[in-house]
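The figures here come from the full heavy-atom set of this structure, side chains too, leaving out hydrogens, waters and symmetry mates.
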Amino acid sequence: MAAAPDERGPGPAAGEQLQQQHVGCQVFPERLAQGKPQQGFLSSFFTNNQKCQLMLLQTLETSRSHPYVKLLLDAMKHSGCAVNKERHFSCEDCNGNVSGGFDASVSQIVLCQNNICNQAHMNRVVTHELVHAFDHCRAHVDWFTNVRHLACSEVRAANLSGDCSLLNEIFRLHFGLKRHHQTCVRDRAIRSILAVRNISKEVAQKAVDEVFESCFNDHEPFGRIPHNKTYARYAHRDFQNRDRYYSNI
């Protein structure tokens with residue numbers, strides 16, 4: 001997620017623009033056809049998406065309760081991609097059961113106001129999508145034509161966002177399997193790909209399998225797998241100490 005849309009170099013070719021629009025519109029119908037960002041935070045605050053906006057504000061501004069988000073926001077800023085809630089988030093209605101998405105064409109996180117049901121859910125969705133935004137900031141990710149790039153970011157998001165925490169898996173009645181965390185990450189990455197790409201499950205599985213080992217072991221910016229909030233707080237402390245160390249060299 002760049003600080004401004006035009007800071008990432010030349011724009012996509014016409015064919016890629018059409019593909020970006022097609023991918024976005026089939027899941028996020030409120031995305032503008034021109035590929036411009038939707039209305040921002042303040043302009044829509046008093047409309048019917050007020051609940052979504054208030055939960056987003058709670059997630060972003062109570063960092064003690066959400067160390068995952070705090071670390072990711074600090075890492076984005078440190079990488080030159082500071083996040084602005086008015087510019088980089090949009091609450092919208094979405095198709096299907098999708099909870100959120102990262103619209104790389106305009107560097108914006110979409111929060112599905114019709115599917116995010118409570119504050120804990122909002123926290124997980126924002127964390128998940130900020131991992132995608134961080135990947136977009138630090139690497140040249142081909143989101144729209146290279147399914148392996150998408151698969152890698154989905155593996156990282158499932159692994160680092162708390163999606164597969166023990167508590168969440170118990171709530172889903174999924175527990176007790178050997179190497180369960182890896183199984184959960186793999187399964188959720190495949191589901192996320194299928195939610196936004198019109199490809200077969202076999203193709204999605206193959207893409208995830210090809211990148212799984214390297215992407216599962218890429219823990220940036222956490223430096224570890226943050227299995228719970230305590231781990232995430234330790235990760236944030238280590239990130240701050242690492243930043244201070246390099247700034248003093």
Is the shortest heavy-atom distance from the side chain of [X] to the side chain of [Y] under 4.5 Å?
X	Y	result
Val196	Leu150	yes
Phe102	Gln108	no
Glu61	Lys85	yes
Leu130	Val69	yes
Gln182	Asn159	no
Val110	Glu129	no
Phe222	Asp238	no
Val125	His121	yes

Measuring from atom [atom1] of [X] to atom [atom2] of [Y], what distance do you get when rounded to the nearest 0.5 angstrom?
X	Y	atom1	atom2	value
Met55	Gln50	CE	CD	11.0 Å
His66	Thr59	NE2	OG1	4.5 Å
Asp93	Cys112	CG	SG	8.5 Å
Ser161	Arg124	OG	CZ	8.5 Å
Met76	Leu71	CE	CG	12.0 Å
Ile225	Leu160	CD1	CG	7.0 Å

(request) Could I get the full list of side chain to side chain contact (heavy atoms under 4.5 Å, CB included) partners for Ser192, not counting sequence neighbours? (result)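 With sequence neighbours excluded, Ser192 shows a side chain to side chain contact (heavy atoms under 4.5 Å, CB included) to His128, Glu154, given in chain and number order.
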Is it true that [X] and [Y] fall in one hydrophobic cluster, defined by side-chain heavy atoms closer than 4.5 Å?
X	Y	value
Val185	Val147	yes
Tyr68	Leu60	yes
Leu111	Leu73	yes
Val211	Phe144	no
Trp143	Val203	yes

(request) Give a yes or no answer on whether the side chain of Asn114 reaches the backbone of Cys94 with a donor-acceptor pair at less than 3.5 Å. (result)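 Side chain of Asn114 to backbone of Cys94, a donor-acceptor pair under 3.5 Å: yes, one is there.
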(request) Using modelled atom types only, decide if a donor and an acceptor are shared between the side chain of His236 and the backbone of Ala232 within a distance under 3.5 Å. (result) no
[Y] and [X] side chains, donor-acceptor separation under 3.5 Å:
X	Y	answer
Asn115	Ser99	no
His149	Asp142	no
His132	Ser153	yes
Asn123	Gln119	yes

Less than 4.0 Å between a side-chain N and a carboxylate O, is that true for [Y] and [X]?
X	Y	value
Lys70	Asp74	yes
Arg156	Asp163	no
Glu202	Lys206	no

(message) With a 6.0 Å cut-off (strictly less than), is the heavy-atom count around CD of Glu210, excluding the residue itself, greater than 12?
(response)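 More than 12 heavy atoms, drawn from other residues, nucleotides or ligands, come within 6.0 Å of this atom.
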(message) Can you confirm whether Asn97 is buried at CG, in the sense that more than 12 heavy atoms of other residues, nucleotides or ligands lie under 6.0 Å from that atom?
(response)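 Counting other residues, nucleotides and ligands, CG of Asn97 stays at 12 neighbours or fewer.
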(request) Determine, for Phe212 and Arg186, whether the Lys NZ or Arg CZ falls below 6.0 Å from the six-membered ring centre while staying within 45 degrees of the axis. (result)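 Ring-cation test returns yes.
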(message) Show, in sequence, the C-alpha distance, side-chain angles and deciding distance for Asp218 and Arg138, and conclude whether the salt bridge (Lys or Arg N to Asp or Glu O under 4.0 Å) test is met.
(response) CA-CA 13 Å; Asp218 179 1; Arg138 71 171 183 158; 2.5 Å; yes
Provide the closest heavy-atom pair for [X] versus [Y] in the form atom of the first, atom of the second, distance.
X	Y	value
Pro226	Arg224	CD-O, 3.2 Å
Ile190	Ala204	CG2-CB, 4.1 Å
Ser107	His136	OG-NE2, 3.6 Å
Pro221	Phe239	O-CD1, 3.9 Å

(request) Dump the intermediate steps for side-chain contact (heavy atoms from CB on, under 4.5 Å) on Cys164 and His180, then the final yes or no. (result) CA-CA 9 Å; Cys164 290; His180 181 75; over 6 Å; no
(request) Using the side-chain contact (heavy atoms from CB on, under 4.5 Å) rule, take Arg191 and Leu194 through it: C-alpha gap first, then chi angles, then the decisive distance, then the call. (result) CA-CA 5 Å; Arg191 288 179 56 189; Leu194 292 175; 5.9 Å; no
(message) What verdict does the side-chain contact (heavy atoms from CB on, under 4.5 Å) test give for Thr127 and Leu72, after you've listed the backbone C-alpha separation in whole Å, the side-chain angles of each residue and the deciding distance to 0.1 Å?
(response) CA-CA 8 Å; Thr127 304; Leu72 285 162; 3.8 Å; yes
(request) Would you check, one step at a time, whether the test side-chain contact (heavy atoms from CB on, under 4.5 Å) holds for His181 with Phe216? (result) CA-CA 11 Å; His181 182 75; Phe216 181 82; 3.7 Å; yes
